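Quick notes on the structure that follows.
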Amino acid sequence: MTDKTYPPSAAAAAHAHADKAKYDDMYAASIADPEAFWAEHGKRVDWIKPFTKVKNTSFAPGNVDIRWFEDGSLNVAANCIDRHLETRGDQTAIIWEPDSPDEEAQHITYKEVHARTCKMANVLKEMGVTKGDRVVLYLPMIPEAAYAMLACARIGAIHSIVFAGFSAEALGARVNACDAKVVITSDGAPRGGRVTNLKDSVNQALLNDFDEVKCLVVKRTGQQIAWRADGDYWLHEMEETVSDDCPPEEMNAEDPLFILYTSGSTGQPKGVVHSTGGYIVYASMTHQYTFDYHDGDIFWCTADVGWVTGHSYIVYGPLANGATTLMFEGVPTYPDAGRFWQVCEKHKVNQFYTAPTAIRALMGQGTEFVEKYDLSDLKVLGTVGEPINPEAWNWYNDVVGKGKVPIVDTWWQTETGGHLLTPLPGATATKPGSATLPFFGVQPVILEPTSGEEISDTAAEGVLCIKDSWPAQMRTVWGDHARFEKTYFSDYKGYYFTGDGCRRDADGYYWITGRVDDVINVSGHRMGTAEVESALVAHSKVAEAAVVGYPHNIKGQGIYAYVTLMNGEEPSDDLRKELETWVRSEIGPIAKPDLIQWAPGLPKTRSGKIMRRILRKIAEDDFGALGDTSTLADPSVVDDLIENRMNKS
Ligand code: ATP
Ligand code: MG
């Protein structure tokens, strides 16, 4: 893999919140004395009752307990809205860009966000929601999704967002799991030019067992919807009679702010619980430093609010910082593959944050869609969600950033609340494919997978763990603290186990090699599947690739590659040979795929992550038990892959 280094430009360093010297100093201080460091940075948000205790955390087996700022009280909505009213009440808080470019964008000021959030908070109160109650959000990417999150935070209700693309069954399971009192949805959800009827899914989800769950409906499309006999309310009607002022509830720092289920890439989704104080401190701080956000910048994170990325970097982090955050209802390829860049030009976006899956998809469509637009306002490009193949990194850098815009490859998880490994634009020299260095206060370690020993050499490879707590760490699995301990703290005692494999190079840079479950062992050589995938994607005819292991008589495990070709390329046996030779020359004979299956599509979660656990089952001919597939974006691709699976004899 490439080890080419891109140092931060002098210009980026000059105006950045942190240049290299400052990063080094702040990082060293954060590790030497976390109490003092976070006592200072904890003050970046407004407290109702200031904290006197900073950190009280234990990873000890049987007694995992994480508390930050535990005697302080605050309100997250007040931090995201009220405290900006005096200084920037008329500044745009949210730019909303609808699915169709023909519909008008909205510019919503902090004052307007305040009024709309307060109204929704009062509506929720009227519906009987009180502090500690759970509210499920099942909404398109419309401003009301942000108001709903903030309205819950304002009255101390705990929100749990379910991605609007999920089925009625997945929704029902999540409503049940957190015992929600209210579901907030809309009539329809336009996305990529198609409209889904969300209210129908809610009706189906609540059909039998959940009559008592109320439903608040936002009018988005005005389409016909079916109303239940009882318990359904239009938001706009309810809002007619409530005040646009709602005093924020005083919350303890450790009160839960939200529950969010993980993507389900590796198994049954987990109900991750985040707290109030530590979360907002960390979300706002990472938003400011990672993206080098400055007042007046236009920030765009393309994630859905159904993912943690949308929580921390569309809503909570940016709004806590008084930013202008762009919220996009649509998809990257509608009406065509230039949509992202058209929106960047239109709203003069300064920081753009997306996922490798989107970059790879757009890369496959050619450069002309990017070149049409003026992207000169871009200052930072971000990526998150999966390891980014150097090929995609280079395309992002060269074609989108014209070689002038720093890339931040941010590694983190639903569980971590905010970035743990990431470059800072004015401070960190980047290497394509590496998430580089830890954020302030984060102590990554590489453990030897079987012994669990910490590897002290700088250059190391093994499993990635975190040695001590950071403020936005998840606090528990909703209703199942034992599962929390078992999942994250039992394999490697005394550490937070990330589930990811990782390599640290001689410069101390971290390279995520994929999930630990995805490591394969070929003739005694351990290999991250990401490396083989990157080599395949580096071939000009390959758009995407997913690699898994399968039982092999001689080698122990063989390499099974699913390959999606670029638009217009035809599969052939010659191409198969060409790819084998290619990987051989890129990595070495050991990495040569044993089997290559042409895959018109790959099974992905709704957030675009490849579900290798399903591909592994298919490669092992064990497709009777595919496990939880409720979070798959398009279940039909699985049938095609099963049908055309490779013969192993
Ligand atoms: P589940 O935990 O249910 O299997 P998931 O891990 O996909 O689902 P998320 O919390 O959305 O759920 O994803 C976090 C994971 O995504 C990380 O553990 C890592 O594997 C991957 N990831 C995120 N960002 C990066 C990145 N910048 N580089 C490499 N991998 C990344
Ligand atoms: Mg995970």
Side-chain angles (χ1 to χ4, degrees), residues 1-2 265-266 356 360 386-392 433 449 461-463 500-503 511-565 569 571-604 609-623 626 637-638 640-649:
M1 281 202 201
T2 158
S265 307
T266 54
R360 286 192 301 261
E386 283 180 292
I388 178 162
N389 328 86
E391 183 75 6
E461 181 154 1
V463 302
D500 285 346
C502 188
R503 176 168 73 85
W511 302 72
I512 303 296
T513 51
R515 318 289 175 137
V516 170
D517 299 354
D518 293 337
V519 170
I520 47 183
N521 193 326
V522 182
S523 308
H525 297 268
R526 291 171 57 82
M527 207 176 326
T529 51
E531 198 177 355
V532 187
E533 288 166 9
S534 277
L536 284 165
V537 174
H539 190 281
S540 61
K541 292 180 184 162
V542 175
E544 271 207 297
V547 166
V548 297
Y550 71 97
H552 190 285
N553 285 341
I554 301 154
K555 303 180 182 181
Q557 273 188 306
I559 299 180
Y560 195 118
Y562 298 84
V563 171
T564 308
L565 294 175
E569 296 295 342
S572 68
D573 283 341
D574 283 347
L575 182 53
R576 193 175 262 131
K577 291 228 172 57
E578 190 180 321
L579 291 181
E580 288 171 8
T581 317
W582 170 263
V583 175
R584 232 185 128 99
S585 65
E586 290 281 294
I587 311 179
I590 190 75
K592 182 179 89 64
D594 296 281
L595 297 168
I596 294 179
Q597 176 173 348
W598 307 117
L602 294 169
K604 289 189 186 165
K609 294 163 192 273
I610 297 169
M611 272 215 211
R612 290 183 191 71
R613 68 180 161 86
I614 288 180
L615 295 173
R616 214 178 296 132
K617 293 269 185 198
I618 297 174
E620 288 165 358
D621 290 324
D622 180 21
F623 39 83
L626 291 180
V637 302
V638 174
D640 176 88
L641 294 178
I642 291 177
E643 201 170 307
N644 296 304
R645 70 191 183 278
M646 304 295 290
N647 190 342
K648 265 132 244 142
S649 52

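For clarity, every value in this text was computed on a predicted model and none was experimentally measured. Quick note: numbers below take in every heavy atom, side chains included, and nothing from hydrogens, waters or symmetry partners.
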* Glu544/Lys604 salt bridge by N-O under 4.0 Å criterion -> yes
* SB check Arg616 Asp518 (cutoff 4.0 Å) -> yes
* **For Tyr550 against Ile559, the heavy-atom pair lying closest together** => CE2-N, 3.8 Å
* Which heavy-atom pair separates Ala538 from Glu586 by the least distance, and what is that distance? -> CB-OE1, 4.4 Å
* Would you mind reporting whether Lys555 and Ile520 have side-chain heavy atoms less than 4.5 Å apart? => no
* Thinking salt bridges, do Glu533 and Arg612 make one under a 4.0 Å N-O criterion? -> yes
* Structure fact -> When rounded to the nearest 0.5 Å, the distance separating CG of Asp594 from CE of Met646 is 10.5 Å
* **Value rounded to 0.5 Å, distance of CD in Glu620 from CG in Leu615** => 11.0 Å
* Asked: Taking only residues two or more places apart in sequence or in another chain, which ones pass side chain to side chain donor-acceptor pair (under 3.5 Å) with Gln597?
  -> Tyr560
* To do: Would you mind reporting whether Asp640 and Pro600 have side-chain heavy atoms less than 4.5 Å apart?
  => yes
* Using modelled atom types only, decide if a donor and an acceptor are shared between the side chain of Thr513 and the backbone of Cys502 within a distance under 3.5 Å. => yes
* Asked: Under 4.5 Å between any side-chain heavy atoms of Ile618 and Val638, yes or no?
  -> yes
* Closest contact, heavy atoms only, Ala561 versus Val547 -> CB-CG2, 4.0 Å
* **Presence of salt bridge, Arg613 and Asp517, under 4.0 angstrom** => no
* Check: Glu580 side chain, Lys592 main-chain N or O, donor-acceptor pair, under 3.5 Å -> no
* Structure fact -> So OG of Ser540 and CD of Glu569: to nearest 0.5 Å the spacing works out to 7.0 Å
* For residues Trp598 and Arg576, determine if any side-chain heavy atom of one lies less than 4.5 Å from a side-chain heavy atom of the other. => yes
* Considering non-hydrogen atoms only, spot the tightest contact between Ser572 and Leu575 and give its length. => OG-N, 3.0 Å
* Can you tell if the side chain of Val583 reaches within under 4.5 Å of the side chain of Pro593, non-hydrogen atoms only? -> yes
* Asked: Got a donor-acceptor contact below 3.5 angstrom from the Thr564 side chain to the Gly601 backbone?
  -> no
* Give, for atom NE2 of His552 and atom NZ of Lys648, the distance between the pair rounded to the nearest 0.5 Å. => 11.5 Å
* For residues Arg515 and Asp500, report the shortest heavy-atom separation together with the two atoms involved. => CD-OD1, 3.5 Å
* **Verdict with supporting geometry, Leu536 and Asn389, side-chain contact (heavy atoms from CB on, under 4.5 Å)** => CA-CA 10 Å; Leu536 284 165; Asn389 328 86; over 6 Å; no
* CD1 on Ile614 to CG on Leu641, rounded to 0.5 Å -> 9.5 Å
* What pairs with Asn647 under side chain to side chain donor-acceptor pair (under 3.5 Å), at least two apart in sequence or on another chain? -> Ser649
* Counting distance only, does the side-chain N/O of Trp582 pair as donor-acceptor with the main-chain N or O of Ala535 below 3.5 Å? -> yes
* Partners of Asp574 by side chain to side chain donor-acceptor pair (under 3.5 Å), sequence neighbours excluded? -> none
* Between CD1 of Ile610 and OH of Tyr562, what distance do you get to the nearest 0.5 Å? -> 11.5 Å
* To do: Locate the shortest heavy-atom distance separating Ala619 from Val548; write the atom from each residue and the value.
  => CB-CG2, 3.7 Å
* Side chain of Arg360, backbone of Ala392: donor and acceptor closer than 3.5 Å? -> no
